[in-house]
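To find a chain, count down the sequence lines: A is the first, B the second, and so on, and within it residues start at 1.
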There are 2 protein chains.
Amino acid sequence: MKTLQPAAGVVARHLATLPAFRGLNASDRERIAAEAFLRMYTRGEALFHVGDPATALLGLVRGSARVLRTRPDGQEKVVHLLTAPVLVAEVPTLTGEALPATAVCGEDCMVVAIPRTVLVDAVRKDPEFALRILAVVFDRLQQLTRALARHGQRNAAARVGAWILARDAPSGVLPAAKKDVADYLGLQPETFSRALAVLRTEGGVEVEGDAFRILDRSALERFLNTHESS
Amino acid sequence: MKTLQPAAGVVARHLATLPAFRGLNASDRERIAAEAFLRMYTRGEALFHVGDPATALLGLVRGSARVLRTRPDGQEKVVHLLTAPVLVAEVPTLTGEALPATAVCGEDCMVVAIPRTVLVDAVRKDPEFALRILAVVFDRLQQLTRALARHGQRNAAARVGAWILARDAPSGVLPAAKKDVADYLGLQPETFSRALAVLRTEGGVEVEGDAFRILDRSALERFLNTHESS
DNA sequence: CGGCACATTGAGGTATGTCAATCTTAGTGG
DNA sequence: CCACTAAGATTGACATACCTCAATGTGCCG
């Protein structure tokens, strides 16, 4: 990890890319940016570990990361896949709780770190800002309940297909190594691999390395509909 | 659904049982209570439906309910099991989003409904209150990520055992019909039933009807440890 | 260029889903 | 208050999708 001292305004520009900060007026943003830090992380480095005090809200402005939860038996499960721009650890930072999970960079990342005190002040001064943060959290809750509803549901191929469709982009790059995406979807790497093979032949999806492309969206939707139930 | 006109102070007393409102000082609580409603629902009745506008925060003060998410194919999945006292729909109420799920009473319920405007005012006037709400939301996020991490993990019996252990009570009553608990845990009713049978013989757990009791906590923990992996 | 982690493909076992029949419980109405 | 009815719970038999183990292929980073 390396902390940068960027020119004034640079941090503010990065802030502006983040949800919840986009809606802020420019002067408030600059005020916050003045007290924030810019940090660089390298692939594989941890943004934070379970149990760490939440000293700052992190805005992931470049790169991607995975959030891991450690189970009693020591195994780790991917519970989130993060792609910039996105907020991380906003809730524990506000409530003062310890961080409940570990986050690891999937590639080199740039992060805007906003110290807890600065964030809490911002919420106190501007309740609307608190509501914007809540909107972000709401989104996260939605995603989680969706993921939960999806889990154990459908066969592996349909689950993967639904996830690709939910990415809402005709083409793109997997936000993590396949084994981590597999873990996130609750599958073994082998099953994930086979599921992709099925989607290639029947689902109108092209996958090469970590790049994917939806060749035939309607074919994919049809495939999902014909594999609705478990 | 039936709306009551209780004596002054009654609503305030119910409010005081709810997380996030407990910490409020008495006068603020009374002010909010004066503008809140008390509602009674009967078993099987819906507290709200997906897509409804979130007009009020609901404080479930008596009874229990299940929160359902409808999948594209029309099937429903239990994503939360609620037991009083607990807040429902606080986030969409604050952010003004539509309700993302449906909630159905598992038994007769009593609910304190706090109109959106009253809640938003309270948050605006008292940032500390906003943070307390965030703490509640944080808890929910935690539960969801835990549930997600648990899902697809371990065999059925271990998953059920872990859930019972997480209830954190030596004995109690299932918060919903077995089929709904099963659904919540991502299992078929039959599998759930068999899992309970295993826990009875090997896990030191007694189950009769909807009542359960942990006869031998260490036996249960040992059982879970020996069935760690999937 | 070499080593290692990841990805893919194959084969086989098993836990869980599915279908079906019986038993129990709770809610309804006489 | 009791009998009736329907929904839920349980148990068994069977099918299958996924996990596991293993071997090979591929790409990336040092």
Margin query: My understanding is that only one of A/Val11, A/Leu18, A/Thr93, A/Leu57 makes a side chain to side chain contact (heavy atoms under 4.5 Å, CB included) with A/Ile114; could you say which?
Written below: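 Result for side chain to side chain contact (heavy atoms under 4.5 Å, CB included) with A/Ile114: A/Leu57.
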Whole-Å distance between [N] [atom2] and [X] [atom1]?
X	N	atom1	atom2	answer
B/Asn155	C/dG17	CG	P	12 Å
A/Leu174	C/dA7	CG	C1'	12 Å
A/Asp183	D/dC18	CG	C1'	15 Å
B/Leu185	C/dG17	CG	P	11 Å
A/Lys179	D/dC19	NZ	P	16 Å
B/Glu107	C/dG27	CD	C1'	15 Å
B/Leu196	D/dT11	CG	C1'	14 Å
B/Glu208	C/dT25	CD	P	9 Å

Next item on the list: Could you run through nucleotides 24-30 of chain D and give me one letter per nucleotide, 5' to 3': B if any protein heavy atom sits under 4.0 Å from the base, S if only the sugar-phosphate is that close, - if neither?
Entry: -----S-
Next item on the list: Could you check which of D/dA9, C/dT8, C/dT18 has an atom nearest any side-chain atom of B/Glu190?
Entry: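 The closest nucleotide is C/dT18.
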Item checked: Side chain of B/Gln188 - closest among C/dT16, C/dG17, D/dC19 ->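 Looking only at heavy atoms from C-beta outward on B/Gln188, the closest nucleotide is C/dG17.
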Can a side chain N or O of [X] be found less than 4.0 Å away from OP1 or OP2 on [N]?
X	N	value
A/Thr191	D/dC18	no
A/Lys178	C/dC6	no
A/Ser193	C/dA7	no

Margin query: Would you say B/Gln188 and B/Arg194 are linked by a side-chain donor-acceptor pair, where the criterion is simply a distance under 3.5 Å?
Written below: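 Side chains of B/Arg194 and B/Gln188: no pair found under 3.5 Å.
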Margin query: With hydrogens left out and only the distance checked, is there a donor-acceptor pair under 3.5 Å joining A/Arg194's side chain and the base of C/dG10?
Written below: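 Such a pair exists between side chain and base.
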Check: Is a salt bridge present between A/Asp180 and A/Arg66, judged by a nitrogen-to-oxygen distance below 4.0 Å?
Finding: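 Yes, A/Asp180 and A/Arg66 are salt-bridged.
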Check: Does a salt bridge link A/Arg43 with A/Glu107, judged by any charged N lying under 4.0 Å from a carboxylate O?
Finding: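 A salt bridge is absent here (no side-chain N lies under 4.0 Å from a carboxylate O).
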Next item on the list: Look up atom CE in A/Met1 and atom SG in A/Cys105, then write down how far apart they are to the nearest 0.5 Å.
Entry: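 Interatomic distance, A/Met1 CE to A/Cys105 SG, rounded to 0.5 Å: 10.5 Å.
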Notebook entry, point to check: For A/Ala156, which contact category applies under a 4.0 Å heavy-atom criterion: base, sugar-phosphate, or nothing?
Noted result: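 Sugar-phosphate contact only.
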Notebook entry, point to check: Below 4.5 Å, heavy atoms only, C-beta onward: do B/Val205 and B/Val207 meet side chain to side chain?
Noted result: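 Result yes, sub-4.5 Å side-chain heavy-atom pair found.
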Margin query: Reading DNA chain C from 5' onward, which residue's closest nucleotide shows up sooner: B/Leu187 or A/Ala177?
Written below: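 Comparing both residues, the 5'-ward one is A/Ala177.
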Check: Can you tell me if B/Asp183 uses its side chain to pair, donor with acceptor, with the backbone of B/Val78 under 3.5 Å?
Finding: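 Yes, the answer is positive, given that a donor and an acceptor are paired below the 3.5 Å cut-off.
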